[in-house]
Amino acid sequence: MENIIWTWLEHENGELAESGLEILGEARKLGNSLKAQVQAFICGENTQEAAAQAIRYGADVIYTAGDSIFQAYCPEACLAALAQRAAQTPRIVLISGTRNGAGLAPRIATRFQWGYLANVVKVAPQEDGSLKINTETYQAKVNNTYIFSAKQTVVLVLQPGSIGVGKADKKRSGAVQLLEPLQEMRDRIEVVGFIKADPRSVSLNDAERVVAGGNGFRNQEEFGILQEFADALGAAVGSSKPIADKGWVPYNRLVGQSSGRRLAPDLFVSVGISGATHFVEGMKDSRLIMAINKDKGAPMMKEADLAVVGDLHEILPEVTRRIMALRGEGEGHEQ
Ligand SMILES: Cc1cc2nc3c(=O)[nH]c(=O)nc-3n(C[C@H](O)[C@H](O)[C@H](O)COP(=O)(O)OP(=O)(O)OC[C@H]3O[C@@H](n4cnc5c(N)ncnc54)[C@H](O)[C@@H]3O)c2cc1C
């Protein structure tokens with residue numbers, strides 16, 4: 001085993017994703033503590049800027065796999081890229097627990113027969129060289145501690161957002177190396193195109209926009225205006241628990257702690273929802289939160305970046321009409 005830390009970094013439009021910057025910060029910290037080299041893998045075309053960014057955020061060596069196969073996320077191809085460097089067994093593999101990262105990490109552990117831990121929130125090297133690792137489960141209600149010996153390679157999936165992004169160091173230098181073309185993968189996999197997900201059927205976890213309705217709606221028929229609003233916005237519909245309990249939406253549309261998931265869409269709009277902690281737990285990581293409630297003192301209004309006080313029956317149809325008009329699909333065709 002070599003004194004090396006591997007990371008696998010996601011990027012978009014040539015820039016590293018926030019999850020990648022975060023993982024690099026942690027890798028650098030561990031690298032300094034263990035005197036280990038941080039090696040980062042970036043799969044995709046046009047990754048020069050992402051590679052330079054990775055160096056500024058803590059990587060010593062970047063391996064880029066610039067294959068057209070990476071137009072889409074392809075875990076098998078990423079694994080094949082990593083395998084090119086596997087003659088030097090790393091000590092630790094750090095992967096961010098994004099949807100893609102969480103898919104790749106167990107594949108790495110299985111392929112190379114390395115240890116594996118998910119939901120990691122803290123990694124602390126010990127004096128004897130072992131690693132003390134903390135994970136969280138049951139929505140952070142249970143904290144577990146594991147010790148991995150210094151002799152064992154371990155793949156660690158860090159919870160995105162658990163550490164935060166560190167600072168870039170413009171003076172850092174590093175090496176960038178291009179990996180071999182993945183011909184074998186190209187023979188097996190061809191990206192033929194992309195199909196945009198339908199917000200009506202996409203899982204709430206994957207939706208970029210979510211609008212959720214609560215007890216402010218008086219009956220199921222009325223709840224239909226929320227769907228119209230969601231359609232106009234290109235958003236998925238969710239609900240608070242009373243609505244799911246009444247059967248107006250299936251339970252896979254439930255938002256909150258009972259759903260067992262934390263949503264983090266770009267936009268979350270709550271309509272007629274009071275904002276009980278049970279509900280807020282499931283959506284507070286959303287990037288932008290908007291709340292519509294007739295009670296300005298409702299807890300949800302304090303959670304919101306934009307709080308609109310008023311009757312949802314007046315506000316929703318009007319906002320829907322305006323969005324449709326802006327999109328050129330409504331009667332008004334306003335711009
Ligand atoms: C163990 C446990 C687990 C739970 N898990 C969950 C969970 O996962 N998810 C969840 O949602 N709940 C959960 N709950 C229930 C939770 O505590 C709340 O009771 C629930 O979230 C309330 O739903 P609500 O906000 O839709 O309803 P309410 O609390 O009744 O709020 C309705 C809101 O609508 C507003 N309103 C009313 N009329 C209008 C109108 N015309 N225009 C605008 N606003 C209006 C009101 O001002 C009010 O703020 C759980 C409870 C327990 C005990």
Side-chain angles (χ1 to χ4, degrees), residues 139 161 196-332 334:
Q139 291 212 324
K196 204 164 168 27
D198 179 357
R200 279 195 174 217
S201 55
V202 73
S203 147
L204 285 187
N205 300 51
D206 294 331
E208 289 170 6
R209 298 168 193 171
V210 175
V211 301
N215 260 343
F217 291 88
R218 290 168 298 208
N219 54 55
Q220 188 166 13
E221 197 186 343
E222 208 176 69
F223 201 71
I225 62 172
L226 188 76
Q227 183 66 63
E228 285 169 22
F229 173 56
D231 288 344
L233 209 56
V237 168
S239 83
S240 65
K241 193 162 179 296
I243 302 301
D245 286 343
K246 281 185 255 195
W248 296 359
V249 297
Y251 272 109
N252 63 12
R253 297 277 132 186
L254 171 65
V255 178
Q257 72 167 57
S258 303
S259 70
R261 63 184 167 207
R262 279 186 181 163
L263 304 178
D266 290 340
L267 173 67
F268 188 99
V269 187
S270 93
V271 186
I273 291 175
S274 57
T277 47
H278 301 114
F279 176 84
V280 172
E281 269 303 303
M283 48 64 67
K284 65 182 180 190
D285 296 336
S286 305
R287 197 168 276 244
L288 184 74
I289 299 173
M290 180 180 166
I292 301 172
N293 199 306
K294 67 178 183 184
D295 173 11
K296 72 172 180 191
M300 194 64 226
M301 303 298 254
K302 293 189 187 72
E303 291 293 328
D305 302 294
L306 177 63
V308 182
V309 183
D311 189 333
L312 68 89
H313 304 95
E314 289 166 18
I315 294 169
L316 269 199
E318 180 58 19
V319 176
T320 304
R321 192 189 66 75
R322 288 194 185 205
I323 296 171
M324 296 296 277
L326 278 170
R327 290 174 50 181
E329 293 171 21
E331 287 169 7
E334 294 167 20

* side chain to side chain contact (heavy atoms under 4.5 Å, CB included) between Val255 and Leu204: does it pass, once the steps are laid out? -> CA-CA 9 Å; Val255 178; Leu204 285 187; 4.1 Å; yes

Heavy-atom closest pair, residues [X] and [Y]:
X      : Y      : answer
Ala235 : Val211 : CB-CG1, 4.0 Å
Lys241 : Leu254 : CA-CD1, 3.4 Å
Leu226 : Val237 : CD2-CG1, 4.0 Å
Phe217 : Leu312 : CE2-CD1, 3.5 Å
Gly213 : Phe223 : CA-CE1, 3.8 Å
Arg261 : Asn252 : NH2-O, 2.8 Å

* **Step-by-step side chain to side chain contact (heavy atoms under 4.5 Å, CB included) determination, Glu228 to Met324** => CA-CA 10 Å; Glu228 285 169 22; Met324 296 296 277; over 6 Å; no

* May I ask you to test the Ile273-Asn215 pair for a side-chain heavy-atom distance under 4.5 Å? => no

* Tell me, with the steps shown, if Met300 and Ile289 meet side chain to side chain contact (heavy atoms under 4.5 Å, CB included). => CA-CA 9 Å; Met300 194 64 226; Ile289 299 173; 3.9 Å; yes

Let me confirm one number: the [atom1]-[atom2] distance from [X] to [Y], rounded to the nearest 0.5 Å.
X      : Y      : atom1 : atom2 : answer
Arg209 : Leu288 : CZ    : CG    : 11.0 Å
Phe268 : Leu263 : CZ    : CG    : 6.5 Å
Phe279 : Ser258 : CZ    : OG    : 11.5 Å
Lys246 : Ser240 : NZ    : OG    : 8.0 Å
Arg321 : Leu316 : CZ    : CG    : 14.0 Å
His278 : Ser259 : NE2   : OG    : 12.5 Å

* Only counting residues at least two apart or in another chain, list the ones meeting side-chain hydrogen bond (donor to acceptor under 3.5 Å, both in side chains) with Gln227. => Asp231

* To do: Using the test side-chain hydrogen bond (donor to acceptor under 3.5 Å, both in side chains), find all partners of Arg287 that sit at least two apart in sequence or belong to another chain.
  => none

* Is a side-chain N or O of Asp311 found less than 3.5 angstrom from the main chain of Lys294, in a donor-acceptor match? -> no

* **More than 12 heavy atoms from other groups under 6.0 Å of NZ on Lys296** => no

* How about Glu208: does its CD atom have over 12 heavy atoms from other parts shown lying under 6.0 Å from it? -> no

* Mind running side chain to side chain contact (heavy atoms under 4.5 Å, CB included) on Leu267 and Leu233 for me, showing each step along the way? => CA-CA 10 Å; Leu267 173 67; Leu233 209 56; 3.9 Å; yes

